[in-house]
2 protein chains.
Amino acid sequence: MKDPLILVIEDEESIRGMLRMALEIAGFECIEADNIQSGHTMIANKRPDLVLLDWMLPGGNGIELLRRLKREDSTKELPVIMLTAKTTEDNMVQGLEVGADDYVTKPFAPRELIARIKALLRRSPGVLQDERMQVGKLILDGESKRIFLGQEILEMGPTEFNLLHFFISHPERAFTRGQLLDRVWGANVYVEERTVDVHIRRLRMALQSASLDYSSIIETVRGTGYRFSSRSVVPAAERFEASGMHSAHWQ
Amino acid sequence: MKDPLILVIEDEESIRGMLRMALEIAGFECIEADNIQSGHTMIANKRPDLVLLDWMLPGGNGIELLRRLKREDSTKELPVIMLTAKTTEDNMVQGLEVGADDYVTKPFAPRELIARIKALLRRSPGVLQDERMQVGKLILDGESKRIFLGQEILEMGPTEFNLLHFFISHPERAFTRGQLLDRVWGANVYVEERTVDVHIRRLRMALQSASLDYSSIIETVRGTGYRFSSRSVVPAAERFEASGMHSAHWQ
DNA sequence: AACCATTGTCATAATTTTGTAACGCAAATG
DNA sequence: CATTTGCGTTACAAAATTATGACAATGGTT
């Protein structure tokens with residue numbers, strides 16, 4: 001999985017440096033801004049997973065930015081940790097009230113900061129996930145992270161699960177290996193394109209149970225890549241029912 | 001078991017937001033009202049398990065609503081926690097006199113609030129604690145805080161008990177280590193994610209008696225976390241019986 | 001104070017999953 | 001047909017992820 005991206009908005013060069021080092025050691029990607037202005041821009045462009053925001057900043061108070069972030073829907077969910085020099089209760093309270101997800105007072109122990117960052121980050125991924133989709137007798141349950149074929153549970157690795165998840169939500173459409181790598185493996189991951197073939201095979205293998213064989217639901221599009229198509233396996237009757245909901249439905 | 005439903009009656013948007021986040025992380029359902037009026041309506045319609053009531057509210061004092069709630073039989077039992085900005089003894093006393101079950105002064109630590117909510121919910125029957133749940137031959141008795149496997153009593157530490165309690169109330173669903181930390185250990189607890197592994201192991205160890213071995217009822221979901229699934233241990237016949245009660249029932 | 005149970009962390013072992021390379025067949029090309 | 005190109009398969013070693021055992025800190029008891 002890709003390293004989480006942390007944006008540090010802090011004007012003091014030395015503190016930024018320390019933070020960058022601590023963050024990178026802990027395995028985070030790190031980008032920096034030294035003022036509200038560029039900080040806001042970076043949030044819009046780089047889409048960080050979390051923001052460390054200094055309380056006092058030139059060109060506008062830090063809490064001002066925080067307020068703006070929590071007001072906009074697009075950034076409302078973005079976790080923000082306030083960095084404050086003062087220990088006064090006032091600041092903390094005000095920060096939390098405006099919507100900071102946590103705050104840390106300088107000087108802070110890097111270890112504690114990292115722990116808090118992790119604590120916040122672990123809440124993020126579970127938001128956009130748990131759906132349930134079905135095509136024919138093939139069911140993908142995002143909650144339990146399982147695949148059912150009829151009554152049986154299919155065993156497969158995480159990558160195959162993600163691949164199937166992507167396919168089942170983008171049916172009847174051909175993707176190149178490159179597209180699959182970008183959208184299933186994630187951008188900026190350098191992996192041989194032919195590796196996709198191997199995972200396609202593993203997925204096909206997994207798509208057969210004792211009684212049913214759905215392996216051909218993933219079709220090869222020669223010269224292009226692969227396509228998930230229910231036409232090849234799902235009987236006509238079921239197909240009609242499913243197609244009405246764009247080949248998948250949730251319950 | 002369905003998550004307890006908490007109603008937050010509070011006019012300040014930012015505080016509501018913070019509360020919602022804290023509550024949801026702690027595993028509660030959350031609905032909100034920004035004034036006495038709609039708050040009262042929601043209590044009647046949604047039947048929350050507990051109410052967080054701000055002291056000062058537009059359209060009628062918060063304590064006014066509290067008084068009304070405690071007067072009516074239908075809502076007399078409904079636990080209410082007052083939120084007050086002032087630390088003055090007066091308010092607190094007045095609130096408790098009118099029948100608030102607890103009160104918390106702002107600024108409050110989310111952790112403390114959650115703890116108090118749980119403490120209150122424990123008292124109301126059938127909501128949080130005193131339940132008895134069963135999956136196969138595994139029985140969790142909330143009152144005695146004991147676990148039975150068939151005839152035997154299983155020994156385990158508090159954390160393992162809580163973990164099992166959480167799992168048994170949320171079966172057939174995969175959780176990340178982070179989610180487990182948030183919901184079993186509590187929000188705002190900074191613990192290494194790997195620690196979950198260790199407790200899972202301890203729980204699995206505990207889940208075997210002399211005659212029965214239920215350790216595999218906790219499945220590891222590679223790349224994600226863990227899942228409590230009765231499929232692996234409970235015979236089909238029993239499974240049917242249990243599933244009808246959503247895999248758990250209480251007395 | 002000594003003891004015991006419980007916890008959170010590490011270090012290390014055990015397993016699974018992943019990415020590649022290699023080989024052979026099948027489908028286009030001409 | 002002979003070639004070339006693309007894909008399916010298999011086998012492996014590297015990389016990730018989990019399981020496990022040990023240990024020190026903590027907190028409560030006796």
Side-chain angles (χ1 to χ4, degrees), chain A residues 1-4 26-27 109 111-112 114-116 118-119 122 125 145-147 154-166 174-178 180-182 184-186 188-208 213 215-227, chain B residues 145-147 153-165 174-178 180-182 184-186 188-208 213 215-227:
Chain A
M1 192 162 41
K2 215 173 51 184
D3 288 339
R111 190 175 156 67
E112 181 193 357
I114 298 300
R116 297 196 179 212
K118 286 184 179 171
R122 65 170 82 112
K145 285 226 182 286
R146 276 186 302 208
I147 306 287
L154 303 183
E155 299 293 339
M156 64 182 76
T159 301
E160 283 71 54
F161 183 92
N162 294 335
L163 195 52
L164 179 56
H165 185 296
F166 176 76
F175 294 95
T176 66
R177 295 176 174 71
L180 291 173
L181 283 175
D182 276 349
V184 176
W185 274 251
N188 58 49
V189 175
Y190 91 107
V191 170
E192 286 295 320
E193 293 214 334
R194 291 302 307 278
T195 295
V196 174
D197 296 34
V198 179
H199 283 281
I200 288 286
R201 163 161 165 82
R202 287 170 180 158
L203 178 52
R204 281 173 172 160
M205 288 289 101
L207 283 175
Q208 17 194 133
D213 182 353
S215 62
S216 59
I217 205 169
I218 299 197
E219 303 173 339
T220 299
V221 183
R222 201 180 169 77
T224 302
Y226 300 92
R227 170 180 52 216
Chain B
K145 291 251 181 226
R146 272 187 304 205
I147 307 286
I153 293 180
L154 301 183
E155 298 295 337
M156 64 181 75
T159 302
E160 283 70 43
F161 181 90
N162 293 335
L163 195 52
L164 180 56
H165 183 290
F175 293 96
T176 66
R177 295 177 175 71
L180 291 174
L181 284 174
D182 279 345
V184 176
W185 274 250
N188 297 3
V189 175
Y190 310 112
V191 171
E192 285 296 318
E193 295 210 341
R194 283 292 154 206
T195 297
V196 174
D197 297 33
V198 179
H199 283 279
I200 287 284
R201 167 158 191 286
R202 288 168 180 159
L203 177 52
R204 280 173 173 162
M205 289 290 103
L207 283 175
Q208 30 198 117
D213 182 353
S215 63
S216 60
I217 205 168
I218 299 198
E219 304 173 340
T220 112
V221 184
R222 217 147 218 276
T224 300
Y226 299 93
R227 166 181 55 214

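Each chain gets a letter, A, B and so on, in the order its sequence line appears, and its residues count up from 1.
For the pair A/Y226 and D/dG6, the criterion of a side-chain N or O lying under 4.0 Å from OP1 or OP2 is not met.
Taking CZ of B/R227 as the reference point, atom CZ of B/F175 lies at 11.0 Å (rounded to 0.5 Å). Expressed to the nearest 0.5 Å, how far CD1 of A/I147 lies from NE2 of A/H165 amounts to 8.5 Å.
Take A/A115 and apply the side-chain contact (heavy atoms from CB on, under 4.5 Å) test, not counting sequence neighbours, and it matches B/Y190. Among residues two or more places apart in sequence or in another chain, the side-chain hydrogen bond (donor to acceptor under 3.5 Å, both in side chains) test is passed with B/S215 by B/D213. For B/Q208, the side-chain hydrogen bond (donor to acceptor under 3.5 Å, both in side chains) criterion is met by no residue, not counting sequence neighbours. Here B/E193 pairs with A/R122 under the salt bridge (charged side-chain N to carboxylate O under 4.0 Å, His left out) rule; sequence neighbours left out.
The nearest whole Å value for the distance from the CG atom in B/L203 to the P atom in D/dA19 is 12 Å. Rounded to an integer number of Å, the gap from CD of B/E219 to P of D/dT17 is 20 Å. The interatomic distance linking B/E155 (CD) with C/dA5 (C1') rounds to 12 Å, in whole Å. Protein atom CZ of B/R204 is 16 Å distant from nucleotide atom C1' of D/dG21, rounded to whole Å. Distance B/D197 CG to C/dG8 P: 13 Å, rounded to the nearest Å. Spacing between atom CZ of A/R177 and atom C1' of D/dG8 amounts to 10 Å, rounded to whole angstrom units. Rounded to whole Å, the distance from CG on B/L163 to P on C/dG8 is 11 Å. Summarising the geometry, the separation between CE on B/M205 and P on C/dT6 is reported as 16 Å, rounded to the nearest angstrom.
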Practice item. Summarise protein proximity over nucleotides 11-20 of chain C in one line of letters, 5' to 3': B for base, S for sugar-phosphate only, - for none, counting protein heavy atoms closer than 4.0 Å. Key: ----BBSBBB

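In this structure, A/F161 reaches neither bases nor backbone, as no heavy-atom distance under 4.0 Å exists between it and the strands shown.
Comparing B/R201 and B/T224 by the nucleotide of DNA chain D that holds the closest heavy atom to each, the one mapping nearer the 5' end is B/T224.
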Pairs of donor and acceptor atoms involving the side chains of residues 197-207 of chain A, under 3.5 Å and at least two apart or interchain, shall be tabulated with distances.
| from | atom 1 | to | atom 2 | distance (Å) |
| --- | --- | --- | --- | --- |
| A/D197 | OD1 | A/R177 | NE | 2.6 |
| A/D197 | OD2 | A/R177 | NH2 | 3.4 |
| A/D197 | OD2 | A/R194 | NE | 3.0 |
| A/D197 | OD2 | A/R194 | NH2 | 3.4 |
| A/H199 | ND1 | A/E160 | OE2 | 2.4 |
| A/R204 | NE | A/I218 | O | 3.2 |
| A/R204 | NH2 | A/I218 | O | 2.8 |
| A/R204 | NH2 | A/T220 | OG1 | 2.8 |

